[in-house]
Amino acid sequence: MSSRVPDRDRPASPDSPASAAAPPRSVVVVAAAAVLEAVALVALTGWGVVQLVTGRQNAVGVVLFLVVFGLAVAAVLVGSARALWEGRRTGRAPVATWQLLQGATALAVLQATGSPVAWAVLVLSAVVFVLLLTRPVVAHTVPR
């Protein structure tokens, strides 16, 4: 007779998703914002490809770089959102870095054009960045 405990009777490890508590509301907001930003990046890269294919854009190298870069950042944001949701701290730094870069770009566009879209992006970046630094997000993503 084996003394091995069946898996269903084995207590869940602290790292297993089954034992993880539901993420706090602020983590949900940050993860949702990161996924929303990833979706926007994918849409913008698709628009860039359409511009290239229809001949409205002649800078092939620039468009291809931006498409690859946009898709890579989108993938990192989705992975980071998943890490945050699961309580891993590895998701905080990429999301924070993207918010800083996105906020700086929004500020530059805002100064140049005064676009309402730039205001929306700036506010979103600021809110997500501040939420990343709140106690519930940090506590959810610190190893126990």
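Just the heavy atoms: all of them, side chains too, but no hydrogens, waters or symmetry mates, feed the values below.
Here CG of L64 is found 11.5 Å from OG1 of T45. Values are rounded to the nearest 0.5 Å. In this structure, OG1 in T97 is found 8.5 Å from CZ in F129, a value given to the nearest 0.5 Å. Q99 CD to L77 CG: the interatomic distance, rounded to the nearest 0.5 Å, is 7.5 Å. To the nearest 0.5 Å, atom CH2 of residue W47 and atom CG of residue L66 are 10.5 Å apart.
Shortest non-hydrogen contact noted between A74 and L41 is N-CD1, 4.0 Å. Looking at every heavy atom in both residues, Q57 comes nearest to V63 through CG-CG2, 3.2 Å. The shortest heavy-atom contact between Q102 and S125 is NE2-OG, 2.9 Å. Listed here is the closest heavy atom pair of L131 and V137: O-CG2, 3.1 Å. Annotation for V78 and A38: closest pair CG2-CB, 3.7 Å, computed over non-hydrogen atoms. The nearest pair of heavy atoms linking S115 to L110 is O-CD1, 3.7 Å.
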Just do the side-chain contact (heavy atoms from CB on, under 4.5 Å) check on L124 and E37 with the steps written out, would you? CA-CA 10 Å; L124 177 66; E37 292 168 348; 3.5 Å; yes
Could you check L122 against V109 for side-chain contact (heavy atoms from CB on, under 4.5 Å), going step by step and ending with a plain yes or no? CA-CA 10 Å; L122 182 61; V109 170; over 6 Å; no
Please assess R92 against L84 for the test side-chain contact (heavy atoms from CB on, under 4.5 Å), listing each intermediate value before the final yes or no. CA-CA 7 Å; R92 288 193 319 239; L84 287 168; 3.6 Å; yes
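H140 places no side-chain N or O within 3.5 Å of a backbone atom of A22 that could act as its donor or acceptor partner. A donor-acceptor distance shorter than 3.5 angstrom exists from the side chain of T141 to the backbone of V138, with no hydrogens or angles considered.
Linking ILVMFWY side-chain heavy atoms closer than 4.5 Å, directly or via other members, places V62 and F69 in a single hydrophobic cluster. There is a path of hydrophobic side-chain contacts, each under 4.5 Å, that joins V123 to V30. Cluster annotation: V27 and V29 are assigned to the same hydrophobic cluster (Ile/Leu/Val/Met/Phe/Trp/Tyr, side-chain heavy-atom contacts under 4.5 Å, transitive). Under a hydrophobic-cluster definition in which Ile, Leu, Val, Met, Phe, Trp and Tyr are linked whenever side-chain heavy atoms come within less than 4.5 Å, directly or via other members, V42 and V53 are assigned to the same cluster. Residues L101 and W119 do not share a hydrophobic cluster, clusters being chains of Ile/Leu/Val/Met/Phe/Trp/Tyr side chains in contact below 4.5 Å.
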